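Report on one structure; see the data block that follows.
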Amino acid sequence: MSLKNTLVRLSAATAFFGGLFAFSNYVYKVSSVPHTHTDEDDASQDIAITQGRKFVRNHPDRQDVYITSVDSLNLHASFIPAKEPSDKYVILIHGIWDNHEANGIYAKHYLEKGYNCLLPDLRGFGQSEGSYIGYGLDDRLDVKEWINWVIQRNSEALILLHGMSMGAATTLMTTGEYLPENVKGAIADSSYTTLPEEFAGTYKQFKGSIIPTPIAIGIMRIMIRIRSGFDINDVRPIDAVKRSVTPTLFIHGDDDKFIDPHMCSRLYEAANCEKQYCMILGADHIQGIVVDPVNYWAKVDSFTAKYMV
């Protein structure tokens, strides 16, 4: 082999592995490094969601509360008590790239219905410690600790879990665990079935995604395993609902472009618990609350009237 050919091959190999390294770092940063919504992002939000953020932030009765996770992280939540003494509690679980304030639009409704509202910052977001996104795997254990926090506060508490997007997946992963009888119901708004499926669907939407999807997902799996310490193949809400005994309402928008709406029907079919299903027509990702709030809350209120007693 001539020196020229050797140098060409070495250059090609260097370019290939350099590109692979750059790609793996990029996909890890995009998929796993937490960053939180800021007020500058509000221009792209529905006004009702923006008002909800301000509602939580400026609520006169809002309290900052903290717990320690099983792996010793300091986790934060905002707690807003009902105006009148109540045994009803809702734990509102936000989605990716956001914080607890995103759920202010939901908290406002629940407070009007007499619920105490607990709005956690998932690990890595808001004021909670954490260096990577867990997609519900570690977060399910954190939610269990928040459930214990509520029960320690009120042993007679009736607890509802309500999560959106990644928060919905976290909700379903939590219901797959052994939970106290205080947990009466769960609402999952726009959950994915498994994390590899969601990654694959999202990756296919990227322009210029020239690396074949199975290889790209394999790289993501390796990088997350090395740098975050968990296997994305273990994030399987669709398996969790098979173990769940918690009555669950599955909600999705039929025009969701981020998480395939068919995942909702698959989750519903797989669930062995008491269950209800609601597809919001014309709604994109977690937009049912603003596209059709009347239908959204009618379904939620009907569900809670049955189980939160």
Side-chain angles (χ1 to χ4, degrees), residues 34 56 64-80 88-96 98-103 106-107 110 115-130 132-155 157-192 195 228 230 234-241 243-251 267 271 273 286 304 307-308:
V56 170
D64 291 305
V65 296
Y66 299 89
I67 60 171
T68 302
S69 70
V70 293
D71 52 347
S72 301
L73 294 178
N74 191 40
L75 303 179
H76 166 266
S78 281
F79 177 69
I80 305 176
K88 293 183 178 181
Y89 291 75
V90 60
I91 301 178
L92 293 164
I93 308 169
H94 68 80
I96 196 170
D98 221 315
N99 61 28
H100 74 278
E101 290 182 353
N103 289 338
Y106 306 90
Y110 280 114
Y115 283 73
N116 302 285
C117 293
L118 181 68
L119 299 89
D121 283 327
L122 294 180
R123 54 175 57 205
F125 295 94
Q127 297 181 47
S128 289
E129 293 181 342
Y132 62 84
I133 301 171
Y135 289 98
L137 188 63
D138 291 335
D139 308 284
R140 80 193 195 283
L141 303 179
D142 299 337
V143 174
K144 288 186 68 176
E145 291 302 314
W146 285 117
I147 290 170
N148 291 335
W149 180 90
V150 171
I151 295 172
Q152 289 171 7
R153 180 185 180 89
N154 181 352
S155 62
L158 308 175
I159 301 173
L160 174 70
L161 307 178
H162 187 159
M164 280 53 71
S165 191
M166 184 178 75
T170 299
T171 295
L172 297 180
M173 294 284 285
T174 304
T175 65
E177 300 294 308
Y178 174 79
L179 298 178
E181 292 184 358
N182 302 71
V183 180
K184 300 299 183 181
I187 299 173
D189 183 344
S190 308
S191 175
Y192 39 81
L195 189 53
S228 298
F230 71 91
D234 292 335
V235 184
R236 300 183 60 84
I238 199 165
D239 288 343
V241 298
R243 301 188 298 269
S244 174
V245 296
T246 305
T248 302
L249 169 59
F250 297 87
I251 303 177
L267 288 164
C273 56
I286 59 172
T304 55
Y307 294 107
M308 292 295 292

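All of these numbers come straight from a predicted model, not from anything done at the bench. Quick note: residue numbers are just sequence positions, from 1.
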Requested in this report: Show the numbers, then the answer: is there a side-chain contact (heavy atoms from CB on, under 4.5 Å) between W146 and L161?
Outcome: CA-CA 11 Å; W146 285 117; L161 307 178; over 6 Å; no

Report task. List the steps, then state whether side-chain hydrogen bond (donor to acceptor under 3.5 Å, both in side chains) holds for N99 with H94. Result -> CA-CA 6 Å; N99 61 28; H94 68 80; over 6 Å; no

Report task. Report the C-alpha distance between E145 and W149 in whole Å, list the side-chain angles of each, state the deciding distance to 0.1 Å, and finish with yes or no for side-chain contact (heavy atoms from CB on, under 4.5 Å). Result -> CA-CA 6 Å; E145 291 302 314; W149 180 90; over 6 Å; no

Report task. Carefully, step by step, assess S78 and D64 under the rule side-chain contact (heavy atoms from CB on, under 4.5 Å). Result -> CA-CA 5 Å; S78 281; D64 291 305; 4.2 Å; yes

Requested in this report: Test N182 against V150 for side-chain contact (heavy atoms from CB on, under 4.5 Å), laying out the working first.
Outcome: CA-CA 10 Å; N182 302 71; V150 171; over 6 Å; no

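Summarising the geometry of S191 relative to A169, their closest heavy-atom pair is OG-CA, 3.4 Å, with the distance given to 0.1 Å. Between G130 and L73, the shortest heavy-atom contact is CA-CD1, 4.1 Å. Taking each heavy atom of I93 and N103 in turn, the nearest pair found is C-ND2, 3.3 Å. Nearest approach of L119 to A107, heavy atoms of both residues: CD2-CB, 4.1 Å. When all heavy atoms of T174 and R140 are compared, the closest pair comes out as OG1-CA, 3.4 Å. Residue L172 comes nearest to T175 through the heavy atom pair O-OG1, 2.7 Å, listed as atom of the first residue, atom of the second, then distance.
Side chain to side chain, H162 and D189 fail the donor-acceptor criterion of an N or O pair below 3.5 Å.
Rounded to the nearest 0.5 angstrom, T170 OG1 and I91 CD1 are separated by 12.0 Å. One finds the OH atom of Y307 at 15.0 Å from the CG atom of L158 (value rounded to the nearest 0.5 Å). Separation of atoms CG (D98) and CG (L122) is listed at 10.0 Å; rounding is to 0.5 Å. With rounding to the nearest 0.5 Å, the separation of CZ in F125 from NE2 in H100 is 14.0 Å. To the nearest 0.5 Å, atom CG of residue L195 and atom CE of residue M166 are 10.0 Å apart. Rounding to the nearest 0.5 Å gives a distance of 13.5 Å between OH of Y192 and CD1 of I238.
Of the possible polar contacts, one joining the N116 side chain to the K88 backbone as a donor-acceptor pair under 3.5 Å is found. Remark: side-chain polar atoms of S128 are paired, donor with acceptor, to backbone N or O of H76 under 3.5 angstrom. With hydrogens and angles ignored, the 3.5 Å screen pairs a side-chain donor or acceptor of D139 with a backbone N or O of G136. Remark: side-chain polar atoms of E129 are paired, donor with acceptor, to backbone N or O of N74 under 3.5 angstrom. Side chain of S244 to main chain of T246: a donor-acceptor pair is present (N/O by atom type, distance under 3.5 Å, no hydrogens or angles).
Side-chain contact between Q127 and Y66 is present, with heavy atoms from C-beta onward closer than 4.5 Å. Between P180 and I147 the shortest side-chain heavy-atom distance falls below 4.5 Å.
Results of the side chain to side chain contact (heavy atoms under 4.5 Å, CB included) test with R123 over I133, D71, L141 single out D71 as the only residue that passes.
Y89 and F79 have parallel rings, their planes meeting at less than 30° on a 0 to 90° scale where 60° marks the start of perpendicular.
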